[in-house]
Q: 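Here's a structure for you.
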Protein chains: 2
Amino acid sequence: MNKTTGAVKGKRVVMVCGVPMDMANCPVRDVMDNIGGKWNSLMILSLADGPLRFSQLRRLIPDISQRMLTQTLRDLQRDGYLSRTVYPTQPPSVEYRLTDLGRSFLVPLKLFVDWSLQNHDAIRKARAEYDQVA
Amino acid sequence: MNKTTGAVKGKRVVMVCGVPMDMANCPVRDVMDNIGGKWNSLMILSLADGPLRFSQLRRLIPDISQRMLTQTLRDLQRDGYLSRTVYPTQPPSVEYRLTDLGRSFLVPLKLFVDWSLQNHDAIRKARAEYDQVA
DNA sequence: CCGTATCCGGGTGGATACTG
DNA sequence: CAGTATCCACCCGGATACGG
């Protein structure tokens with residue numbers, strides 16, 4: 001089962017699922033913050049098939065506010081998932097494009113998307129049953 | 001309340017990455033809420049290798065508060081990821097165990113974990129560079 | 001077109017104390 | 001041991017207005 005590695009005292013590293021998990025400074029939690037927000041993963045997916053401009057992303061994701069679109073793009077740019085290119089046209093246009101890092105993330109993200117679509121009904125059903133009992 | 005299915009206004013279903021994405025009522029966002037929280041994915045991973053009791057989970061994840069441990073477990077139970085079994089011993093013990101749904105989620109989650117471990121250095125580097133410029 | 005600035009309501013999550 | 005209950009600080013994210 002879960003056994004702490006006795007290597008270093010004080011380091012809370014646990015073998016989980018065949019992988020060393022650092023419970024104190026957890027890379028998984030760190031990455032999860034990047035894509036666990038309300039719009040982050042959807043943004044990466046939206047750019048999967050090619051670069052898009054700001055206004056194109058707005059139209060593609062109608063529910064997002066202008067503020068959150070900007071902020072989500074900044075966050076993802078900051079952590080290296082996408083790049084921002086300004087074309088000095090008139091009026092100006094800004095293109096957002098997945099980096100190599102961002103594209104490599106599409107592999108696990110795509111698997112997650114597939115799982116969500118397959119099991120979404122089962123989850124909603126479990127939720128409804130739980131709420132009915134309670 | 002909910003917009004019922006079918007033709008409301010405009011098609012909000014977009015083909016992304018070869019997958020139909022409903023931007024209005026998005027299953028991906030729904031599932032992401034389940035595992036995008038601060039502790040949710042870590043909880044599922046902690047139970048990957050076998051069932052654990054409440055106090056065992058507390059020791060395994062030292063940073064979590066008692067309140068959030070309970071709440072996270074309830075949320076995941078509600079959506080069908082894990083089951084809760086009370087053994088009427090003295091003192092009582094409660095066992096948490098992944099359901100079939102929860103175990104099936106380990107497949108995409110494991111891929112995500114591996115990606116995180118491989119790329120979190122690149123992310124931290126990108127973040128540092130971005131912050132230095134700004 | 002592509003943002004920034006500001007305000008603010010609600011939800012998230014930590015700390016603490018108490019129960020069966 | 002396995003929780004509940006309560007209070008509260010913080011931050012996320014929507015609405016709105018303004019600027020290059």
Side-chain angles (χ1 to χ4, degrees), chain A residues 12 23-26 28-30 32-43 46-47 51-79 82-97 127 130 133-134, chain B residues 23-26 28-30 32-43 46-47 51-79 82-97 130 133-134:
Chain A
R12 294 172 291 196
M23 292 299 183
N25 184 19
C26 186
V28 180
R29 287 239 309 273
D30 198 12
M32 190 63 84
D33 287 341
N34 290 335
I35 56 99
K38 189 168 182 177
W39 305 105
N40 298 9
S41 59
L42 204 57
M43 194 67 56
S46 299
L47 294 171
L52 292 174
R53 287 184 304 121
F54 190 86
S55 54
Q56 291 179 306
L57 285 167
R58 264 193 101 173
R59 282 190 292 273
L60 192 63
I61 312 173
D63 287 349
I64 198 172
S65 67
Q66 202 168 6
R67 175 178 135 84
M68 288 314 297
L69 179 53
T70 301
Q71 186 172 307
T72 303
L73 289 168
R74 286 292 176 282
D75 289 345
L76 292 175
Q77 182 192 357
R78 177 172 184 258
D79 284 359
L82 53 85
S83 63
R84 178 178 183 269
T85 310
V86 181
Y87 294 100
T89 57
Q90 190 52 255
S93 67
V94 180
E95 183 190 81
Y96 294 92
R97 178 192 299 264
R127 200 180 294 169
Y130 183 94
V133 173
Chain B
M23 293 299 183
N25 184 18
C26 185
V28 179
R29 287 238 308 274
D30 198 11
M32 191 63 84
D33 286 342
N34 290 335
I35 55 98
K38 189 168 182 179
W39 304 106
N40 298 11
S41 59
L42 205 57
M43 193 66 57
S46 299
L47 293 171
L52 291 174
R53 288 179 312 143
F54 190 87
S55 55
Q56 292 179 305
L57 285 168
R58 261 193 102 173
R59 281 189 294 272
L60 192 64
I61 312 173
D63 288 347
I64 199 172
S65 67
Q66 204 168 4
R67 174 179 137 83
M68 287 314 297
L69 179 54
T70 301
Q71 186 171 307
T72 303
L73 288 168
R74 285 293 175 281
D75 289 346
L76 291 175
Q77 182 193 356
R78 177 172 183 257
D79 284 359
L82 54 84
S83 63
R84 178 179 182 269
T85 310
V86 181
Y87 294 101
T89 56
Q90 191 54 254
S93 68
V94 180
E95 184 189 82
Y96 294 93
R97 178 191 299 264
Y130 183 94
V133 174

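Sequence lines set the chain letters: A, B, ... in the order given, protein chains first and strands last, and positions in each chain run from 1. Note: hydrogens, waters and symmetry copies are ignored here, and every other heavy atom, side chains too, is used.
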Q: Looking at the side chain of B:Thr70, which of D:dG3, D:dG14, D:dC1 is the nearest nucleotide?
A: D:dG3

Q: Kindly say whether B:Gln66 contributes a backbone atom to a donor-acceptor pair with the side chain of B:Thr70 at under 3.5 angstrom?
A: yes

Q: Rounded to whole angstroms, how far apart are NZ on A:Lys38 and C1' on C:dG10?
A: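 A:Lys38 atom NZ is separated from C:dG10 atom C1' by 12 Å.
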
Q: Would you mind telling me which residue lines up with the more 5' stretch of DNA chain D, A:Gln66 or A:Gly37, judged by nearest nucleotide?
A: A:Gly37

Q: Using 4.0 Å as the upper bound for N to carboxylate O, is an ion pair formed by B:Asp30 and A:Arg127?
A: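 Looking at A:Arg127 and B:Asp30, the cut-off is met.
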
Q: Over how many whole Å does the gap from A:Arg29 atom CZ to C:dT12 atom C1' extend?
A: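 Going from A:Arg29 (CZ) to C:dT12 (C1'), I get 14 Å.
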
Q: Roughly, in whole Å, what's the span from OH in A:Tyr96 to P in C:dC1?
A: 13 Å

Q: Among C:dC2, D:dG3, C:dG14, find the nucleotide with the atom closest to the side chain of B:Ser65.
A: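 Output: C:dG14.
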
Q: How long is the line joining CD1 of B:Ile64 and C1' of D:dG3, in whole Å?
A: 14 Å

Q: Here's a test of your reading of the structure: between B:Trp39 and A:Ser93, which maps to the more 5' nucleotide of DNA chain C?
A: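 Closest to the 5' end, via its nearest nucleotide, is A:Ser93.
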
Q: Find the distance between CG (B:Leu76) and OG (B:Ser83) and round it off to the nearest 0.5 Å.
A: 11.5 Å

Q: Please pick, from C:dG3, C:dG13, D:dG14, the nucleotide with the shortest atom-to-atom distance to any side-chain atom of B:Met68.
A: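 For B:Met68, the side-chain atoms sit closest to C:dG13.
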
Q: So how far is it from A:Arg58 CZ to A:Asp63 CG, rounded to the nearest 0.5 Å?
A: 12.0 Å

Q: Please give, in whole Å, the distance from C:dG3 P to A:Phe54 CZ?
A: 5 Å

Q: Between CD of B:Gln71 and CH2 of B:Trp39, what distance do you get to the nearest 0.5 Å?
A: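 These two atoms lie 12.5 Å from each other.
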
Q: Can you measure B:Arg74 atom CZ to C:dG13 atom P for me and round it to whole angstrom units?
A: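 In whole Å, C:dG13 P lies 17 Å from B:Arg74 CZ.
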
Q: Whole-Å distance between D:dA2 P and B:Gln71 CD?
A: 19 Å

Q: Output yes when a side-chain donor or acceptor of A:Gln56 lies under 3.5 Å from a complementary backbone atom of A:Arg53, and no otherwise.
A: yes

Q: Mind listing the residues from residues 82-92 of chain A sitting with a heavy atom below 4.0 Å of DNA chain D? Number order is fine.
A: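 Heavy-atom cutoff 4.0 Å gives no residues at all.
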
Q: Go through D:dC1, D:dA2, D:dG14 for me and flag the one nearest to the B:Arg59 side chain.
A: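 Of the options given, the side chain of B:Arg59 lies nearest D:dC1.
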
Q: Between B:Leu69 (CG) and C:dT12 (P), how many Å, whole number?
A: 17 Å

Q: Would you say a side-chain N or O of A:Arg53 is under 4.0 Å from OP1 or OP2 of C:dC1?
A: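 For C:dC1, neither OP1 nor OP2 has a side-chain N or O of A:Arg53 closer than 4.0 Å.
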
Q: Taking only the side-chain heavy atoms of B:Arg67 (C-beta and beyond), determine which of D:dG14, C:dG3, C:dA15 contains the nearest atom.
A: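 The listed nucleotide nearest to B:Arg67's side chain is C:dA15.
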
Q: Kindly say whether A:Gly37 contributes a backbone atom to a donor-acceptor pair with the side chain of A:Ser41 at under 3.5 angstrom?
A: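 Flag not set: sc A:Ser41 to bb A:Gly37 has no pair under 3.5 Å.
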
